[in-house]
Amino acid sequence: MKNQKDLFLYNTLSGKKEKMTPLVEGKIGMYVCGPTLYSEPHMGNMRTFINFDMIYRYLLHLGFSVKYVRNITDAGHITNSLGNAEDAIGKAAKLEQIQPLEIVYKYNTKFQELQKIYNLLPPSIEPTATGHIQEQIEIIEKIIENKFAYEVNGSVYFDVRAYSEKFQYGILSGRKIDELAEETRELNAQEEKRFFADFALWKKANPEDMQIWRSPWGNGNPGWHIECTAMSTKYLGAKFDIHGGGMDLKFPHHEDEIAQSCGSYGTQPANYWLHANMLNVNGQKMSKSLGNYFLPKEIIEGSTTIFDKAYDATTVRFLMMQAHYRSNMDMSSESLLAAEKGLQRMFEAVELSKNLALSEKSTFDVSEIVASFYTAMNDDFNTPILIAKMFDAVRLINLINDGKETITKADLETLILEFKLFLFDVLGMPANESKSDNRLSPVMDLVLDLRQNARGNKDWTTSDKIRDGLAVAGIVVKDGKDGTIWQ
RNA sequence: GGUCUCGUGGCCGAGUGGCUAGGCAGAGGUCUGCAAAACCUCGUACGGCGGUUCGAAUCCGUCCGAGACCUCCA
């Protein structure tokens, strides 16, 4: 069932689901655009990273050897096309009165913490833009050499018209240059540019810039898009398998990355472009400028007024896994609560499965269920379907427990193994089991034994007192047919 | 204005030309000392209007509504 050749993914480039064929069999190179660390990443940012973490996990699960590169943008980029605004990191630095890299360091520390809290696997490497200025300059030089860029007054711009004669600008986002021209009716104040769609590869330094680098064109800053081209090329080569990022990066960021790669190395960087959809708040994209965002920490601390109570990171992650990565999703107290309860059922089934009665034969087809897990995920990482299939398995486990279905030892082992692999390794739910403290266990045995005696004597007052007392300590007691369990 | 996406039952959220998605919530039942859990049954959903078709929520057109991108953005 674990067949690498059955994987299909939706490629933004073609607008279709395509069979995944790596450049080198068994190996995958994946680049994902990471955060710009001028502030703490919000929940919407996290959703993208959680989704690509899931994708990374599934690729690993299929046995691919994956090199996963996710950059950190720590060089400031001018915030609008006019070029007269400050870069976000520089702005934050001035505001907080510390160095730009202190800003980045500060927020990167938080970002790293969040990755642990939300159970993200660390990428193979997290390269930084400032650590690759030289590589960026070299690519710019190549583009100039190829006559797809020009220098004006200490800045370098990508020449979209020249590029369009050999390549198709707009291939990813479906944009046409002449249409773009009509659309951009204002804001053409960028006099240095020869053509409105040209974009900066290198910007001459402003006197107030806090980060400045030397280049063949004088002191300045790299353009926003060039860092990804430089780092993906360095770590994955000019051509690699998967490039991912948020939908909002499709244009212009990813479009321009393609132009830069074609303009320098004559090849598109990635075979497959994956785009994760946005997280909404009340139907609108979460964004800093709208102010409708909340932080990943606020939700687990319960310090945002948007939700009725605190929800842990696992619940949030599970809720996100219940939506497809290409759909946009909203979060509400109701949906979080539903996820919390649903996940609880999953975990309880895992516990329950440890003590199921075994039979001579199984009354259902385990291999079919397990196959359905793979079918779901192979279809463009359809986690909602996967979860639905897993709930089917949960139901079966409960039915076995009720004696209404039976299972053999071998089938149970297969089912549990695969179930856990998908729950913990693929969906990334933390496997915090075996937490059943060795010292607590005998104590509980004793307490429950006492309660059982009371129940035997129909001393309900005592038995309920024990149950209520344990409830206060967060221990739930459930009386089943074959004894009492606690958690 | 241009390009594009979406509109599914109380909520979240998949999918599909005809066959029950799933979770949560709700109703009834089984079990239980009670409770919890579990299991069973139930609501007969696909924005409006046309069209294609034996048959459409699924394809086409149109209208309404929401959103994304076109400018920094995961």
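- The gap from the C1' atom of B:A14 to that of B:C46 amounts to 12 Å, rounded to the nearest Å.
- Using atom P as the reference point in both B:G67 and B:C54, the two lie 40 Å apart (nearest Å).
- Under 4.0 Å is where a charged nitrogen must lie from a carboxylate oxygen, and between A:Glu192 and A:Lys204 no such pair does.
- Ranking B:G13, B:C40, B:A74 by closeness to the A:Leu399 side chain, first place goes to B:C40.
- Nearest to the side-chain atoms of A:Arg467 among the listed nucleotides B:A36, B:C34, B:A74 stands B:C34.
- In this pair, A:His42 and A:Tyr293 present their aromatic rings tilted. The plane angle is within the 30 to 60° band.
- Base-pairing analysis of RNA chain B finds the following stems of at least three consecutive Watson-Crick or G-U pairs, with both pairing distances under 3.5 Å: B:1-7 with B:64-70, B:10-12 with B:22-24, B:26-30 with B:38-42, B:47-51 with B:59-63.
- Atom CD in A:Glu255 sits about 14 Å away from atom C1' in B:C4, given to the nearest Å.
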Identify every side-chain donor-acceptor pair in residues 382-397 of chain A under 3.5 Å, counting partners at least two apart or on other chains, and give the distances.
unit_1, atom_1, unit_2, atom_2, d
A:Asn382, OD1, A:Ile385, N, 3.2
A:Thr383, OG1, A:Met321, O, 2.7

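- Between B:U5 and B:G9, the two C1' atoms lie 23 Å apart (nearest whole Å).
- Across B:A27 and B:G65, the matching C1' atoms stand 33 Å from one another, rounded to whole Å.
- Using a 4.0 Å cut-off between a side-chain N of Lys or Arg and a carboxylate O of Asp or Glu, A:Asp209 and A:Lys203 do not qualify as a salt bridge.
- The distance between the ring centers of A:Tyr10 and A:His324 does not fall below 6.0 angstrom.
- Nucleic acid contact class of A:Ala323 (heavy atoms, under 4.0 Å, all strands): sugar-phosphate only.
- Atom-to-atom, NZ of A:Lys458 to P of B:U32 comes out at 12 Å; the value is rounded to the nearest Å.
- In this structure, A:Lys288 does not reach the B:A74 phosphate: none of its side-chain N or O atoms is under 4.0 Å from OP1 or OP2.
- Annotation: B:C72 and B:C19 have their P atoms spaced 48 Å apart (nearest Å).
- Between the side chain of A:Asp479 and the base of B:C34 there is at least one donor-acceptor pair of N/O atoms closer than 3.5 Å.
- RNA chain B lies under 4.0 Å from no heavy atom of any residue of residues 109-123 of chain A.
- In this structure, CG of A:Asn71 is placed 10 Å from P of B:A74, rounded to the nearest angstrom.
- Rounded to whole angstrom, the span from the CG atom of A:Asn280 across to the P atom of B:C6 amounts to 14 Å.
- A:Lys94 and A:Glu208 are not joined by a salt bridge, as no carboxylate oxygen comes within less than 4.0 angstrom of a charged side-chain nitrogen.
- Here the C1' atom of nucleotide B:C69 and the CZ atom of A:Arg326 are 17 Å apart, to the nearest Å.
- To the nearest angstrom, P of B:A74 lies 17 Å from CZ of A:Phe251.
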(message) Run the side-chain contact (heavy atoms from CB on, under 4.5 Å) test on A:Arg47 and A:Asn277 for me, step by step, so that the C-alpha distance in whole Å, both residues' side-chain angles and the decisive distance to 0.1 Å come before the verdict.
(response) CA-CA 9 Å; A:Arg47 172 154 122 123; A:Asn277 216 138; 3.7 Å; yes
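- Using a 4.0 Å heavy-atom criterion, one finds that A:Leu279 contacts the bases of the nucleic acid, with or without backbone contacts as well.
- Among the heavy atoms of the strands lying under 4.0 Å from A:His42 is at least one base atom, whether or not backbone atoms are also near.
- Both thresholds, 5.5 Å between centres and 30° between ring planes, are not jointly met by A:Phe49 relative to the base of B:A74, so the two rings are not stacked.
- Across all strands shown, A:Met278 has heavy atoms under 4.0 Å from base atoms, whether or not it also approaches the sugar-phosphate.
- The P atoms of B:G17 and B:U32 are separated by 47 Å, rounded to the nearest whole Å.
- Counting atom types as modelled, A:Asn382 pairs no side-chain N or O with a base atom of B:G15 as donor and acceptor under 3.5 Å.
- Each of A:Ser463 and A:Met329 lies near RNA chain B, and the nucleotide nearest A:Met329 is the one positioned closer to the 5' end.
- For the P atoms, the distance from B:G10 to B:G47 is 13 Å, rounded to whole Å.
- Between the P atoms of B:C64 and B:C49, the separation comes to 15 Å (whole Å).
- The CG atom of A:Asn328 sits 13 Å away from the C1' atom of B:A74 (whole-angstrom rounding).
- Using cut-offs of 30° and 60° on the angle between ring planes, the pair A:Tyr169 and A:Phe251 is perpendicular.
- A:Ser327 has a side-chain polar atom (N or O) that falls below the 4.0 Å cut-off from OP1 or OP2 of B:A14.
- In this pair, A:His132 and A:Tyr235 present their aromatic rings perpendicular. The plane angle is above 60°, beyond the 30 to 60° band.
- Proximity note for A:Arg175 (side chain, C-beta onward) versus B:A68, B:G33, B:G2: the nearest is B:G2.
- With A:Phe52 as the aromatic partner, A:Arg70 does not meet the cation-pi criteria of under 6.0 angstrom to the ring centre and within 45 degrees of the ring axis.
- Here A:Phe49 and A:Tyr118 keep their ring centres 6.0 angstrom or further from each other.
- Nucleic acid contact class of A:Gly44 (heavy atoms, under 4.0 Å, all strands): base.
- Screening residues 322-341 of chain A for salt bridge (Lys or Arg N to Asp or Glu O under 4.0 Å) gives A:Lys309-A:Glu340, A:Arg326-A:Asp380 as the qualifying pairs, with residues at least two apart or on separate chains.
- Sparse packing is recorded around OH of A:Tyr105, with 12 or fewer heavy atoms of other residues, nucleotides or ligands lying under 6.0 Å away.
- Residue contacts for A:Val32: at a heavy-atom cut-off of 4.0 Å it reaches no nucleic acid atom on any strand shown.
- Atom pair A:Lys285:NZ and B:C70:P shows a separation of 7 Å (rounding to whole Å applied).
- By the side chain to side chain contact (heavy atoms under 4.5 Å, CB included) test, A:Asp379 pairs with A:Lys17, sequence neighbours left out.
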(request) Could you encode protein contacts along nucleotides 19-29 of chain B as a string, one character per nucleotide from 5' to 3', using B for base contact, S for sugar-phosphate-only contact and - for no contact, with a heavy-atom cut-off of under 4.0 Å? (result) --BSBSS----
